[in-house]
Every structure is written in structure tokens, then in C-alpha cells.
Amino acid sequence: MDNLALPASKPTLKRLPKFYQYLTKLRAAGRSNISCTEIAREFRLDPTQVRKDLAITGSVGRPRIGFDVVTTLKSIESYLGWDNANDAFLVGAGHLGAALLGYEGFAQNGVNILAAFDCDPAKIGTTIHDKPVYDMEKLFDLASRMHIQIGVLTVPGGAAQEVANMMVLAGIKAIWNLTPVWLDVPDEIIVENVELSASLSVLSSRLAEALRN
């Protein structure tokens, strides 16, 4: 089996972007090679784990030389799909949606949000960070005609399932869900739930514990 076809665990998928950022800094500083021991030390990991993570992308280090920085960056880009941007539609052009439309880091991570959709007449026909905002009624036609693969969901919780259903019917294969609702979608649809409130609760709990000690 080709290394690029190997599946990765969720922890590995979360570590690879961190490795990528670190290697990008090393490249900018003029470094040409890096050992997995150095990477492991930076992220407080076991070197064996780092080696396994990079092997999944097809990167292989050389004895006493380590990993070639440029080649490893390209391998991570290819494995994560960052070298071939995926077009996406965002639904819900409120405060959170508008902030995401202005985030420039998506392009580096292989996601290109082309447009937003909303049901608010005050937003329809406007642009947010140079991205057009269309009427929700146009979502199905545009997404299916343009073969959009990724949907970003930032609508109020009460509308989340209905919009997710529309996305699925339009052919969207992956949904980045930033609502508090657990979506009921077909098994083949990829859903990444971003639980902002849960994450904030963990942060508050850890802070309270630190203040008590």
C-alpha cells in the first residue's frame, strides 16, 4: 500500500498541522534538515510517535541526517490536501460566519470559501470580506452545479439540521459544524463538530483549578 493512502488517527491529523507550522518556520530560518527527536522535543512527544506520524504522509528520515524540511512540508501538504484547495460554501453570515469569511488561514489549509448564504434580507446581496452573500434559496442550485464538497455551518442551532439536509442533497460531502447541534446525516458524510462552548468550559475549568492551587 502507498504511504499516502494510509489512514491517520484523529490525534495524528491534529498534530500534522502543528508539525507543518514548525517546519515552515525552520525553512524560513534556513534549516534544510530536522530530526524527529527535535520535533518531538518541541511538542513534548515521543520521537517514535513523530516518526509514525510523518511516515503516514510518506516522509522518511535518513540516518544521522533526519527529515528534509522542504520535502516533508510537501508531503504533509499533499496528505492533508493542502496542495489542492477545496472550494466551500458557508451558511450563516452572522458574527461568527463573517469572522470566518475574513480568516486568511483557510487558503493555506486547503479550503477556499467562495461564498456565504443567509436568509436575512439585510445581508443578501452584500459582500463580506469580498465574499458574496446569497439567498439560502440558491444554495442547492449553486452547490450542486459547482460541485462544492465542503459546507461550513454557522447558523443558529434551530436551523442546523435543516441546512445540513440541504447541503447533503446538494452533494456536499463534508460539513464543518460550528453549531451546538449534533447532526443526523448519512454515514458517508464527513462531519467535524467544533464544540466552542465545550472548549470554553474546559478552559474555564482549568483556569479555576489553577487559581485554586
Side-chain angles (χ1 to χ4, degrees), residues 8 10-18 20-21 76-203:
K10 199 164 188 177
T12 294
L13 290 175
K14 289 184 176 181
R15 287 191 292 265
L16 287 176
K18 296 179 181 179
Y20 184 86
Q21 293 174 0
I76 294 175
E77 286 177 351
S78 179
Y79 187 83
L80 295 177
W82 290 358
D83 57 349
N84 183 23
N86 294 294
D87 291 338
F89 279 168
L90 179 145
V91 181
H95 295 300
L96 177 57
L100 293 176
L101 289 173
Y103 178 56
E104 297 179 354
F106 286 136
Q108 178 183 330
N109 294 336
V111 177
N112 180 29
I113 299 180
L114 297 178
F117 295 80
D118 206 283
C119 58
D120 183 353
K123 295 186 177 72
I124 297 170
T126 65
T127 59
I128 300 177
H129 298 291
D130 296 324
K131 305 294 175 62
V133 180
Y134 296 115
D135 192 314
M136 273 295 301
E137 293 183 355
K138 295 185 177 182
L139 175 64
F140 178 85
D141 177 62
L142 289 177
S144 57
R145 181 154 51 86
M146 297 174 66
H147 305 290
I148 300 299
Q149 300 293 307
I150 298 175
V152 182
L153 195 56
T154 56
V155 298
Q161 185 62 57
E162 180 181 359
V163 174
N165 293 343
M166 294 176 64
M167 288 181 171
V168 172
L169 288 173
I172 286 175
K173 304 299 184 185
I175 300 175
W176 196 33
N177 179 28
L178 286 93
T179 78
V181 175
W182 194 265
L183 302 175
D184 181 12
V185 297
D187 292 340
E188 66 270 17
I189 302 301
I190 300 169
V191 177
E192 178 65 22
N193 296 298
V194 181
E195 301 181 39
L196 296 177
S197 59
S199 180
L200 183 58
S201 296
V202 171
L203 177 66

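What you are looking at is a predicted structure, and each value in this text was computed from that prediction instead of being measured. Residue numbers start at 1 and run along the sequence shown.
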Task: CD (E188) with more than 12 external heavy atoms under 6.0 Å - done: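 Yes, because the 6.0 Å sphere around CD of E188 holds more than 12 heavy atoms from other groups.
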Contact check, side chains of [X] and [Y], non-hydrogen atoms, under 4.5 Å:
| X | Y | answer |
| --- | --- | --- |
| M167 | I175 | yes |
| V168 | P186 | yes |
| L80 | P17 | yes |

- [ ] List in chain and number order the residues that pass ring pair (Phe, Tyr, Trp, His ring centres under 6.0 Å) with F106, two or more places apart in sequence or in another chain; answer none if no residue qualifies.
- [x]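 F106 satisfies ring pair (Phe, Tyr, Trp, His ring centres under 6.0 Å) with Y103, W176 only.
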Task: Backbone of E195 reached by a side-chain donor or acceptor of N193 within 3.5 Å - done: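 Looks like no, no N/O pair under 3.5 Å.
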Task: Side-chain donor/acceptor of K131 to backbone N/O of I113, under 3.5 Å - done: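 Between the backbone of I113 and the side chain of K131 there is a qualifying donor-acceptor contact (under 3.5 Å).
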Please find the pair of heavy atoms, one from [X] and one from [Y], that lie closest to each other, and give the distance.
| X | Y | result |
| --- | --- | --- |
| A143 | A170 | CB-CB, 3.7 Å |
| F117 | M136 | CB-SD, 3.8 Å |
| T12 | A8 | CG2-CB, 4.0 Å |
| L16 | Y79 | CD1-CD2, 4.1 Å |
| A93 | D118 | N-OD2, 2.7 Å |
| T179 | N177 | OG1-OD1, 2.7 Å |

Task: CD on Q21 to CD1 on I76, rounded to 0.5 Å - done: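 If I round to the nearest 0.5 Å, the distance is 10.5 Å.
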Task: Stepwise side-chain contact (heavy atoms from CB on, under 4.5 Å) test for N86 and N112 - done: CA-CA 6 Å; N86 294 294; N112 180 29; over 6 Å; no
TODO: Could you walk me through whether Q161 and L183 pass the side-chain contact (heavy atoms from CB on, under 4.5 Å) test, one step at a time?
DONE: CA-CA 6 Å; Q161 185 62 57; L183 302 175; 4.2 Å; yes
Side-chain atoms of residues 144-154: list all donor-acceptor pairs with protein atoms under 3.5 Å, sequence neighbours left out, distances to 0.1 Å.
residue	atom	partner	partner atom	Å
S144	OG	F140	O	2.7
S144	OG	D141	O	3.1
R145	NH2	D141	OD2	3.3
Q149	NE2	H147	O	3.2
T154	OG1	V91	O	3.1
T154	OG1	G92	O	2.6

Task: The single option from L178, V155, L90, L101 passing side chain to side chain contact (heavy atoms under 4.5 Å, CB included) against L96 - done: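 Result for side chain to side chain contact (heavy atoms under 4.5 Å, CB included) with L96: L178.
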- [ ] Check the pair Y134 / L139 against side-chain contact (heavy atoms from CB on, under 4.5 Å), numbers first and verdict last.
- [x] CA-CA 8 Å; Y134 296 115; L139 175 64; over 6 Å; no
